[in-house]
Amino acid sequence: MRDAVTSTVPTLELDDIQSGALYERPTPYVGTYLLLRIDSRDDGRELVRRLHRIITPARSSPGPTAASITVAFTYAGLKALGVPQASLDSFVPEFQEGMAARAAILGDQGESSPEHWEKPLGTTDVHVAIAVLTSDLASLEAAADRARKAQEDLPGIEVVWRQDCYQLPTGRTSFGFKDGIGQPAVEGSGRAPSNPKEHPIKAGEIILGYPDETGAPPPMPTPEVLGRNGTYVVFRKLHTKVAAYRQYLRARAADRADEALLGAKMVGRWPSGAPLALSPSSDDPELGRDVHRHNDFGYADDPRGFKCPVGSHARRANPRDAFDHEGGVNVRLHRMIRRGTSYGPALPDNVLEDDGLDRGIMFVFAGAHPRRQFEFVKTQWLNDGIFIGAPAEKDPLVGPNDGSGSFTIPQHPVRRRLPDLPPFVVTRGGEYCFAPSLSAMRWLAELQT
Ligand code: HEM
C-alpha cells in the first residue's frame with residue numbers, strides 16, 4: 001500500500017530547486033529584499049554566476065532554514081541577460097507584461113495605481129530580485145554581505161531598491177493577526193500537510209516540470225533547462241492603514257469585545273491565528289499556537305457563514321471544502337504558496353491616530369500558474385463578491401474598497417452589515433518574477449548571445 005502511494009509521487013529534484021518556494025522561512029525572521037538593474041550583459045552574467053554559488057537549494061534545508069537566499073528575475077531582467085527572444089516569448093503572458101501593466105485587472109487603482117508606486121517598482125529598471133531571510137541580525141549581515149559581494153566590482157550592476165523586513169515582536173502582522181498559517185503541502189516536498197483535510201497538491205502546481213492538478217505538466221518556458229524546476233514569484237509591497245482600520249472598527253463596534261469580534265470576522269481568524277471555524281465566538285490562543293489543530297478545518301458545515309463569514313479574507317482566499325457539493329469550483333487549482341513578511345514598525349496598541357509611518361506586508365506568492373492562482377484569487381475571490389452571491393462586496397480587509405462597499409456578517413436573528421468600507425491596504429508596487437532552478441542559473445550565466 002505504502003509503495004503504491006509512493007510510486008505516484010514524482011521525485012522532486014530538490015538539489016536543483018531554490019528552497020524559498022518550497023520551504024518556510026525561519027521564525028522569527030529578519031530579512032532584506034534587494035532589487036538590481038543590469039546595465040551590462042557581461043556583468044549581469046557574472047552576477048548570476050556568483051549568485052548561483054550562494055543560493056540555498058531545497059535539498060540542504062529539510063527544516064526551517066537558518067538563512068536563505070532566493071533569486072528571481074523579471075522579464076526585463078532576462079532580456080538584459082540576453083535570453084533569446086524565442087525563450088522570452090515562452091513565458092506566461094502576465095510575466096511578460098509585468099505587474100504595472102496588469103494594474104487595472106488586479107484592482108490597483110487610485111492610490112494603488114502604478115503612477116503612485118515607489119520608484120522603480122513597476123518600471124523596466126527592475127531586473128533581479130534577491131530575498132535574504134535569516135533568523136537573527138548577525139546571520140542576516142553575513143548573508144547580506146554574501147549577496148553584496150556578488151555585485152561588488154560589477155559597475156554594470158546597480159542596486160535600485162531595498163526593503164528590510166522583520167517579524168514584529170508580537171509574531172503578528174501590522175493589523176495584529178498571525179499570518180502564514182494556511183499553506184498547501186506540496187507532493188514530494190517532504191512536508192506534511194498542516195490541514196489533514198487537504199491532500200498535498202501536485203508538485204506541478206508550484207514547481208515547473210512536473211504534473212499539476214490537471215494531470216499534465218504546466219506550460220514551461222523553453223529550453224527545458226531554463227524552465228524545469230523553476231517557479232513564478234509575485235511580490236507586492238502592501239502598505240496597511242492600521243490607524244484607519246482601528247478607527248473603523250471602533251466606530252462600528254458596540255464595545256471592545258465586539259471590536260475584536262468584528263476584526264476576526266473580517267479576517268476569518270482571531271489575532272492568535274485561531275480560526276473562527278473552530279472557535280467562533282472568542283479567541284483561543286492555545287488553539288492559535290497549536291500547529292496540529294489551527295489549520296485542521298473546513299467550511300462545509302458552515303455553508304451560510306454563521307461561524308466564519310463567507311466574505312472574510314481567509315475564507316475568500318481559500319474556500320477549502322465550501323464548494324465541494326456544488327461541483328463548480330476546484331479549489332485545488334487556486335492554491336498558492338505565500339511567503340509574506342512584515343515591514344515597518346508596529347503601531348502601538350490602542351493608538352488610533354496615524355503616525356505617518358510606512359508599515360505593512362511584503363506579499364510574496366510562489367506558484368507555477370500566476371494567472372489561475374495569484375491573479376484568479378486576487379480578482380475573482382478578493383476583489384469581487386459574485387462567487388459568494390454578494391457581487392458588490394469586496395474583501396473587507398485587503399480588497400480595493402472605496403468607501404461605498406459593505407461587509408456582511410451572517411448571524412441570528414438578523415445579519416449584520418458593516419457599511420462604507422474604506423481601503424485599508426494600498427499597493428506601493430510589485431513585480432512578476434521567475435525564480436529559476438540552479439541549473440537554469442548556470443545556463444543563464446553561460447549564455448553566449
Ligand atoms: C496586506 C494584505 C494582506 C493581509 C494583511 C493579509 C492577512 C492575512 C491573514 C491574517 C490571514 C490568516 C492567516 C492564515 O490563514 O495564514 C491570511 C490568509 C490568507 N491570505 Fe492574506 N493577507 C493579505 C493579502 C493577501 C493577498 C493579496 C492574497 C492573494 C492574492 C492573500 C491570500 C491569502 C491566502 C491564500 C490565505 C490562506 C487562507 C487559508 O488557507 O485559509 N492575502 N491573510
Side-chain angles (χ1 to χ4, degrees), residues 24 27 99 102 105-108 112 165 168 170-185 193-195 197-198 201 205 234-242 244-245 263-278 287-288 291 294-299 308 310 312-322 331-344 346 358-367 369-384 394-401 423-428 430 432:
E24 63 271 28
T27 306
M99 190 179 283
R102 314 279 297 169
I105 298 169
L106 294 172
D108 286 332
S112 289
C165 65
L168 296 174
T170 53
R172 298 174 186 178
T173 51
S174 53
F175 286 127
F177 291 83
K178 193 161 164 189
D179 196 3
I181 305 168
Q183 303 274 22
S194 61
N195 178 6
K197 297 178 173 60
E198 182 185 54
I201 54 169
E205 287 296 312
V234 174
F235 77 87
R236 277 162 84 74
K237 179 174 176 181
L238 299 174
H239 167 76
T240 49
K241 297 184 166 192
V242 180
Y245 163 80
K265 291 279 187 187
M266 280 187 179
V267 173
R269 288 185 185 267
W270 295 93
S272 73
L276 286 176
L278 298 180
L287 171 61
V291 295
H294 66 185
N295 205 32
D296 182 2
F297 66 93
Y299 298 116
C308 180
V310 288
S312 66
H313 172 64
R315 185 161 173 174
R316 281 171 176 266
N318 178 15
R320 299 185 181 226
D321 54 3
V331 170
R332 294 171 68 79
L333 297 179
H334 310 294
R335 302 291 285 123
M336 66 181 81
I337 297 282
R338 292 175 301 135
R339 290 278 175 260
T341 55
S342 287
Y343 74 87
D358 189 13
R359 55 175 62 83
I361 284 185
M362 279 293 291
F363 172 87
V364 179
F365 153 98
H369 297 277
R371 186 180 301 198
R372 80 156 148 81
Q373 295 168 329
F374 166 70
E375 288 196 345
F376 179 92
V377 170
K378 175 77 177 106
T379 60
Q380 308 294 302
W381 288 355
L382 304 188
N383 293 359
D384 198 312
K394 302 176 170 63
D395 186 309
L397 187 71
V398 315
N401 286 297
F424 296 125
V425 173
V426 179
T427 309
R428 295 272 204 235
Y432 289 88

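All ligand and atom numbering here is 1-based and tracks the order in the structure.
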**OP:** Could you tell me whether F175 approaches ligand 1 through its side chain, its backbone, both or neither, with non-hydrogen atoms closer than 4.0 Å?
**Re:** side chain
**OP:** Give a yes or no answer on whether the side chain of H294 reaches the backbone of P275 with a donor-acceptor pair at less than 3.5 Å.
**Re:** no
Original post:
Which of these, V242, V398, T240, V331, has its nearest heavy atom closest to atom 2 (C) of ligand 1?
Top reply: V398
Original post:
So which heavy atom in the protein is nearest atom 40 (O) of ligand 1, and how far is it from that ligand atom?
Top reply: N318 ND2, 2.9 Å
Original post:
Which atoms of ligand 1 are found less than 4.0 Å from any heavy atom of F374?
Top reply: 30 (C)
Subject >> Atoms in ligand 1 flagged as close to V267, the criterion being non-hydrogen separation under 4.0 Å >> reply: 10 (C)
Original post:
How close do P184 and E198 get, heavy atom to heavy atom, and via which atoms?
Top reply: CA-OE1, 3.6 Å
Subject >> Ligand-residue contact atoms, ligand 1 with F177, heavy atoms, under 4.0 Å >> reply: 10 (C)
**OP:** Give the residue and atom name of whichever protein heavy atom lies nearest to atom 29 (C) of ligand 1, and the separation in Å to one decimal.
**Re:** F363 CZ, 3.6 Å
**OP:** Return the minimal non-hydrogen interatomic distance between L168 and A346, and the atom names on each side.
**Re:** CD2-N, 3.8 Å
Original post:
Are any non-hydrogen side-chain atoms of K378 and R236 less than 4.5 angstrom apart?
Top reply: yes
**OP:** Using distance alone, with no hydrogens and no angle criterion, decide if D108 and T427 have a side-chain donor and acceptor under 3.5 Å apart.
**Re:** yes
Original post:
Heavy atoms only: which of I181, V377, T427 is nearest to atom 16 (O) of ligand 1?
Top reply: I181
Original post:
Looking only at atom types and distance, does a side-chain atom of R359 sit under 3.5 Å from a main-chain N or O of S342, one as donor and one as acceptor?
Top reply: no
Subject >> Sub-4.0 Å atoms of ligand 1 with respect to non-hydrogen atoms of L238 >> reply: 1 (C), 2 (C)
Original post:
Against heavy atoms of V425, which atoms of ligand 1 measure under 4.0 Å?
Top reply: 1 (C)
Original post:
Nearest to atom 4 (C) of ligand 1, what protein heavy atom do you find, and at what distance?
Top reply: I361 CD1, 3.6 Å
**OP:** Looking only at non-hydrogen atoms, find the nearest pair between Y299 and N318 and report the distance.
**Re:** CE1-O, 3.6 Å
Original post:
Counting only N and O atoms by type, is there a donor-acceptor contact under 3.5 Å from the side chain of Q373 to the main-chain atoms of E205?
Top reply: yes
Original post:
Hey, is the main chain of C308 close enough, under 3.5 Å, to the side chain of R315 for a donor-acceptor pair?
Top reply: yes
Subject >> contact_flag T173 ligand 1 heavy-atom lt 4.0 Å >> reply: no
Subject >> Distance from atom 9 (C) of ligand 1 to nearest protein heavy atom, with residue and atom >> reply: D179 OD1, 3.5 Å
Original post:
Donor-acceptor pair, Q380 side chain versus F376 backbone, under 3.5 Å?
Top reply: no
Subject >> Nearest-neighbour protein heavy atom for atom 35 (C) of ligand 1, which is reported as residue plus atom name and distance >> reply: A317 CB, 3.6 Å
**OP:** Note the single closest protein heavy atom to atom 22 (N) of ligand 1, along with its residue, its atom name and the distance in Å.
**Re:** H313 NE2, 2.9 Å
**OP:** Apply the test side chain to side chain contact (heavy atoms under 4.5 Å, CB included) to residues K197 and R320: give CA-CA distance (whole Å), side-chain angles for both, the deciding distance (0.1 Å), then the verdict.
**Re:** CA-CA 9 Å; K197 297 178 173 60; R320 299 185 181 226; over 6 Å; no
**OP:** Run the contact test for K178 against ligand 1 with a 4.0 Å cut-off on heavy atoms, strictly below, and give the result.
**Re:** yes
Original post:
When you measure from the side chain of N383 to the backbone N and O of L106, does any donor-acceptor pair fall under 3.5 Å?
Top reply: yes
Subject >> Residue L382 vicinity, atoms of ligand 1 by number, heavy atom under 4.0 Å >> reply: 26 (C), 28 (C), 29 (C), 30 (C)
Original post:
In the protein, what heavy atom is nearest to atom 19 (C) of ligand 1, and what distance, to one decimal place, separates them?
Top reply: R338 NH1, 3.1 Å
**OP:** May I ask whether A314 places a heavy atom under 4.0 Å from ligand 1?
**Re:** yes
Subject >> Atom indices of ligand 1 within 4.0 angstrom of R320 heavy atoms, with elements >> reply: 39 (C), 40 (O), 41 (O)
Subject >> Distance from atom 15 (O) of ligand 1 to nearest protein heavy atom, with residue and atom >> reply: R269 NE, 3.0 Å
Original post:
Can you check whether R172 reaches F177 side chain to side chain, under 4.5 Å on heavy atoms?
Top reply: no
